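For clarity, every value in this text was computed on a predicted model and none was experimentally measured. Each chain gets a letter, A, B and so on, in the order its sequence line appears, and its residues count up from 1. FYI, side chains are in, hydrogens and waters are out, and symmetry mates aren't considered; it's all heavy atoms of this structure.
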Amino acid sequence: MTSPADTHSDDILQGLNPPQRRAVETIEGPLLILAGPGSGKTRVITHRIAHILRERRVMPWNVLAVTFTNKAAREMKDRLEGLVGPDARDLNVGTFHSICSRVLRREAESAGLALGSNFAIYDDGDQLNLVKQALREMNLDEKQYRPQAIHALISRAKNDLLNPMQYAERVNKYFEEVAARVYRRYEELLRQNNAADFDDLILLTHQLWRTHPHVLRKYQDRYLYIHVDEFQDTNKAQYELVRMLAAGTPETPGHLNICAVADDDQSIYSWRGANPRVLIQFETDFPGAQIVLLEQNYRSTQMILDAAQNVVQHNRLRRDKHLWTDKSGGDKITIHEAYNEEEEANFVADEIRTHVARGAFQYRDFAVMYRTNAQSRALEEQFIRSGTPYVVVGSKKFYERKEIKDVLAYLRLLANTRDTLSLQRIINVPNRKIGPKTLAEFMAWSQRENREPLDALATIDAHPTLSTGSKRALAAFHAILVDLQSAAKELPLPALIDRVLERTGYAAELRDGTEEGDERWTNVLELRRVAEDFSEIEPQTALALFLENVALVSGADTTQNGENGDLVTEERNAVTLITLHAAKGLEYPAVFIVGLEEGVLPHSRSLENETELEEERRLAYVGITRAMRRLYLTRAFKRSFYGGSSVYQEASRFLEDIPPALVINSRQRSRTLGTSPDAERPSQPSRLPSSVRAPSHSPFSRQGDTSRALSHPSPRVATASTPAQPDVPEPATPVPAAADNLRPGDRVMHRLFGEGTVLKVDEGRNSTVVDVLFKQAGKKSLDLSFARLEKA
DNA sequence: CGAGTACTAGTTTTT
DNA sequence: CTAGTACTCG
């Protein structure tokens with residue numbers, strides 16, 4: 001390749017396998033790295049960047065690396081610092097959104113984007129509010145046109161690089177026609193508020209570069225070496241942005257030094273407009289691109305890798321890969337079937353505590369993954385009850401708290417006086433006797449007069465109709481703002497927050513001595529602590545940076561403490577609770593994936609559609625491949641949704657895809673009176689696809705032995721010396737446990753037979769047979785290991 | 001006019 | 001169950 005480094009080994013190239021090394025040494029021209037899970041892609045990217053800095057006379061800021069989350073960016077930067085030292089700080093590493101945001105702030109004024117450089121970034125909630133406002137103005141019924149549905153279409157249009165006019169041209173349903181009209185108004189409102197939504201950050205940067213070739217040129221010459229991680233999750237807007245940068249346009253050709261890292265099996269964001277076709281397009285748009293395959297997995301045992309492969313192999317549209325690991329064998333995968341979500345959570349907590357008590361794992365070695373955020377609830381309850389320390393990653397609950405949003409609204413208004421949405425939020429918080437009527441009256445007036453609300457507020461006395469009381473209230477609010485605005489210019493950020501809290505009376509409102517007030521006050525202090533990181537920066541810049549950070553860093557990057565929900569800033573020895581989506585890119589020694597049920601994983605919204613089902617399958621694949629040594633897949637027979645009614649759940653089809661030879665079934669039946677037949681069926685080696693290596697001959701590694709012993713209280717698991725029957729699942733918990741709380745006279749429910757009364761309980765060696773007299777169906781004898789019986 | 005209370009309807013994943 | 005809206009009371 002370009003470098004003669006073969007002759008002397010050095011720290012940057014050492015320890016790389018041949019394809020990794022090829023990827024690192026391919027510096028010039030387009031490069032596509034197809035990297036399986038755990039194949040060391042972050043290592044490749046960081047080493048490649050270090051290599052570029054050394055081999056080419058370029059400055060750190062000439063290197064761009066785009067990651068999917070801020071967390072990934074931070075990790076990459078940390079690793080780079082270890083490789084190249086303090087220079088790492090000048091590298092451009094960040095998400096599409098953060099990088100674009102910075103470009104826009106720098107260029108906004110000069111490029112006539114109808115966006116001031118102090119623009120606000122509107123998060124999900126803000127965007128929804130804006131859609132609602134547009135709907136109201138247009139007299140459209142929110143019931144008929146659900147704001148979220150409209151917003152989804154708008155967002156999709158933006159991801160496809162369509163402005164309102166272009167989108168209007170290609171609508172083909174009435175609903176979309178309405179959406180197009182709302183989109184137009186929504187855009188006007190954004191600009192009026194001097195605000196950009198998430199999608200705008202990409203869209204507007206693209207627009208800027210497209211319409212201003214000299215600006216594009218500037219960034220092409222700045223970002224000489226481009227890296228894009230998680231390339232398969234790139235949407236059209238993001239792809240076109242990168243293409244413009246790297247390939248350029250006829251008048252401003254690019255330098256073509258782009259390195260895209262992708263795994264089509266881990267494409268899980270199509271609902272956000274991501275389109276794995278970009279992988280094919282890449283090869284078209286960048287002819288002659290080098291392709292490197294990273295197929296050696298350094299993370300997981302063979303057992304886990306086999307399970308993952310078997311699950312994902314059912315997808316039709318994928319490049320086949322040949323992942324392998326030299327970590328042969330390993331512990332079998334535990335599949336656990338619990339009665340309901342409560343017992344599922346209980347099992348998880350128990351299992352973790354047992355492992356920790358025996359010393360081979362720490363709490364921090366575990367992650368529990370789920371499809372939807374709502375599933376964390378049952379887990380959290382059990383974790384709290386059992387005193388198991390945990391953190392929750394992802395759900396940005398902290399930044400969604402009212403008190404946090406309120407304080408942020410004040411700050412946003414100070415940074416951007418045109419942010420009417422924020423103004424409306426806090427004008428009466430705490431209560432200043434400015435109700436919706438007064439507010440509407442005032443807003444209508446400022447609009448009529450064609451003045452910005454904040455400006456109109458200064459002359460509120462001139463308002464024709466408002467009562468003296470209302471005017472006085474508004475004038476008082478204005479006085480507070482004026483004071484805070486001057487404070488914003490000179491005070492360091494934490495001091496500014498203090499001033500806001502005092503001057504607005506918000507502090508007094510919260511610190512009312514109630515427990516709830518205390519908690520909210522603590523949260524506000526938490527926010528203030530985050531702001532302290534910005535103390536050293538010039539006040540106005542600090543404010544803008546802080547708000548940008550909060551807007552863009554609030555998602556999967558935030559970790560909350562269990563129990564109190566505080567933000568977690570330092571690593572804790574605690575179990576991680578995380579969605580499957582947020583888990584991408586991470587790894588844990590032991591992983592639980594909960595809720596493997598039809599309707600949960602795969603999610604009910606995806607059941608109809610083959611394409612979406614494939615994505616769910618990839619989601620399961622992502623989860624499985626996060627595990628290094630131990631993997632648990634759990635499900636519940638019965639799950640309750642929104643509070644009330646519980647529903648019988650069928651086992652996820654993904655469980656069927658895992659060859660029984662890789663699995664140990666474990667059951668907990670304290671209240672379960674039966675299991676589904678398919679769960680009970682003996683494993684059939686014939687179901688094993690030929691591509692799967694039979695693990696029976698591979699002796700368990702020593703470390704595998706210890707952890708397996710830990711994981712299973714009953715040591716009846718086949719050992720290396722008796723590999724002949726490792727496939728026969730035996731109940732981990734003896735079945736009679738179930739019959740404990742079942743006696744003649746008990747009322748029971750059966751899915752098919754309905755309500756009945758237990759007549760007789762026969763506990764055999766391997767099974768328990770119960771005679772039940774059903775109201776409708778009459779007398780039946782049921783084998784508890786097959787029948788789905790529930791205590792009424 | 002504003003605040004508190006009864007009802008309804010909606011629930012994937014995230015920058 | 002919760003958020004968000006519609007209605008009633010002070």
Side-chain angles (χ1 to χ4, degrees), chain A residues 66-73 94-101 121-125 127-129 132 136 141-143 146-149 151-152 155 158-159 196-203 230 233-235 237-238 267-274 369-378 393-397 399-400 402 428 431-441 466-467 469-470 473 548-558 578-585 595 599-607 609 612 615-616 618-620 622-623 640-646:
Chain A
V66 184
T67 58
F68 198 68
T69 62
N70 293 287
K71 193 189 214 168
T95 62
F96 272 111
H97 292 85
S98 67
I99 284 159
C100 287
S101 172
I121 297 171
Y122 276 2
D123 67 20
D124 249 15
Q127 295 170 33
L128 220 52
N129 281 334
K132 284 181 189 166
R136 269 197 297 275
D141 182 13
E142 287 187 24
K143 298 246 163 70
R146 287 212 0 256
Q148 320 195 13
H151 178 254
S155 175
K158 289 188 172 194
N159 288 159
D197 64 17
F198 287 141
D199 303 319
D200 277 344
L201 298 175
I202 318 290
L203 187 74
E230 308 286 7
D233 285 326
T234 300
N235 64 37
Q238 293 166 333
S267 154
I268 53 174
Y269 283 93
S270 70
W271 50 274
R272 223 173 78 186
M369 303 180 183
Y370 35 80
R371 174 69 237 264
T372 66
N373 281 305
Q375 287 172 263
S376 75
R377 206 191 172 108
V393 175
S395 72
K396 41 184 173 181
K397 284 187 209 129
Y399 288 99
E400 274 166 9
K402 182 181 178 301
N428 198 33
N431 191 351
R432 300 187 177 93
K433 304 240 188 284
I434 305 171
K437 268 270 158 55
T438 310
L439 179 60
E441 189 95 351
L466 279 173
S467 72
S470 298
E548 176 179 296
N549 255 274
V550 168
L552 297 179
V553 180
S554 54
D557 315 298
T558 57
I578 190 169
T579 63
L580 287 161
H581 279 91
K584 193 173 67 166
V600 178
L601 180 62
H603 193 269
S604 53
R605 302 284 289 245
S606 318
L607 292 176
N609 179 318
E612 289 177 31
E615 184 146 312
E616 297 289 309
R618 290 192 291 271
L619 209 43
V622 166
S640 46
F641 294 91
Y642 46 105
S645 62
S646 43

Exercise. Please report, rounded to the nearest Å, how far the P atom of B:dC1 is from the CD atom of A:Glu441.
Key: 8 Å
Practice problem: Mind checking side-chain contact (heavy atoms from CB on, under 4.5 Å) for A:Ala473 and listing every partner two or more places apart, or none if nothing turns up? | Solution: A:Ile434
Below 3.5 Å between N/O atoms, which protein atoms pair up with nucleotides 3-5 of chain B? Just atom names and distances, please.
residue : atom : partner  : partner atom : Å
B:dA3   : OP1  : A:Asn431 : OD1          : 2.9
B:dA3   : OP1  : A:Asn431 : ND2          : 2.3

Quiz item: Going by heavy atoms in the side chains, are A:Ile121 and A:Leu552 under 4.5 Å from each other?
Solution: yes
Practice problem: Specify the separation, in whole Å, of atom OH of A:Tyr399 and atom P of B:dT14. | Solution: 17 Å
Exercise. Starting from P on B:dT13, measure out to CZ on A:Arg618 and report it in whole angstrom.
Key: 18 Å
Quiz prompt | Test side-chain hydrogen bond (donor to acceptor under 3.5 Å, both in side chains) applied to A:Lys433 - qualifying residues, sequence neighbours left out | solution = none
Exercise. Specify the separation, in whole Å, of atom CD of A:Glu400 and atom P of C:dG4.
Key: 11 Å
Quiz item: If you look at every strand shown and take non-hydrogen atoms under 4.0 Å, does A:Thr438 touch a base, only sugar-phosphate, or nothing?
Solution: sugar-phosphate
Quiz prompt | Set of side-chain hydrogen bond (donor to acceptor under 3.5 Å, both in side chains) partners for A:Ser267, sequence neighbours left out | solution = none
Exercise. Verify the distance criterion only: is there a donor paired with an acceptor across the side chains of A:Glu441 and A:Thr438 at less than 3.5 Å?
Key: no
Practice problem: Please identify each residue that fulfils side-chain hydrogen bond (donor to acceptor under 3.5 Å, both in side chains) with A:Ser467, with sequence neighbours left out. | Solution: A:Ser470
Quiz item: Under the ring pair (Phe, Tyr, Trp, His ring centres under 6.0 Å) test, which residues partner A:Tyr269, sequence neighbours left out?
Solution: A:Phe68, A:Trp271, A:His581
Quiz prompt | Non-neighbouring partners of A:His151 that pass side-chain hydrogen bond (donor to acceptor under 3.5 Å, both in side chains), sequence neighbours left out | solution = A:Gln127
Quiz item: OP1 or OP2 of B:dT14 sitting under 4.0 Å from any side-chain N/O of A:Thr69?
Solution: no
Practice problem: Using the P atom as the reference point in each nucleotide, state the distance between B:dT13 and C:dG4 in Å, no decimals. | Solution: 16 Å
Practice problem: Round to a whole Å and report the spacing from CG of A:Asn235 to P of B:dT15. | Solution: 14 Å
For nucleotides 6-12 of chain B, print each protein N/O atom paired with a nucleotide N/O atom at under 3.5 Å, atom names and distance only.
residue : atom : partner  : partner atom : Å
B:dT11  : OP2  : A:Arg146 : NE           : 3.1
B:dT11  : OP2  : A:Arg146 : NH2          : 2.3
B:dT12  : O4'  : A:His603 : NE2          : 3.2
B:dT12  : O2   : A:Arg371 : NH1          : 2.8
B:dT12  : O2   : A:Arg371 : NH2          : 2.3

Quiz prompt | Spacing between A:Lys132 atom NZ and C:dA3 atom P, to the nearest angstrom | solution = 12 Å
Practice problem: List in chain and number order the residues that pass salt bridge (charged side-chain N to carboxylate O under 4.0 Å, His left out) with A:Glu548, two or more places apart in sequence or in another chain; answer none if no residue qualifies. | Solution: A:Arg102, A:Arg105
Quiz item: To the nearest angstrom, how far is A:Glu142 atom CD from C:dA6 atom P?
Solution: 8 Å
Quiz prompt | Given DNA chain B, 5'-ward residue of the pair A:Leu439 and A:Phe68, judged by closest heavy atom | solution = A:Leu439
Quiz item: Between A:Tyr269 (OH) and B:dT13 (C1'), how many Å, whole number?
Solution: 7 Å
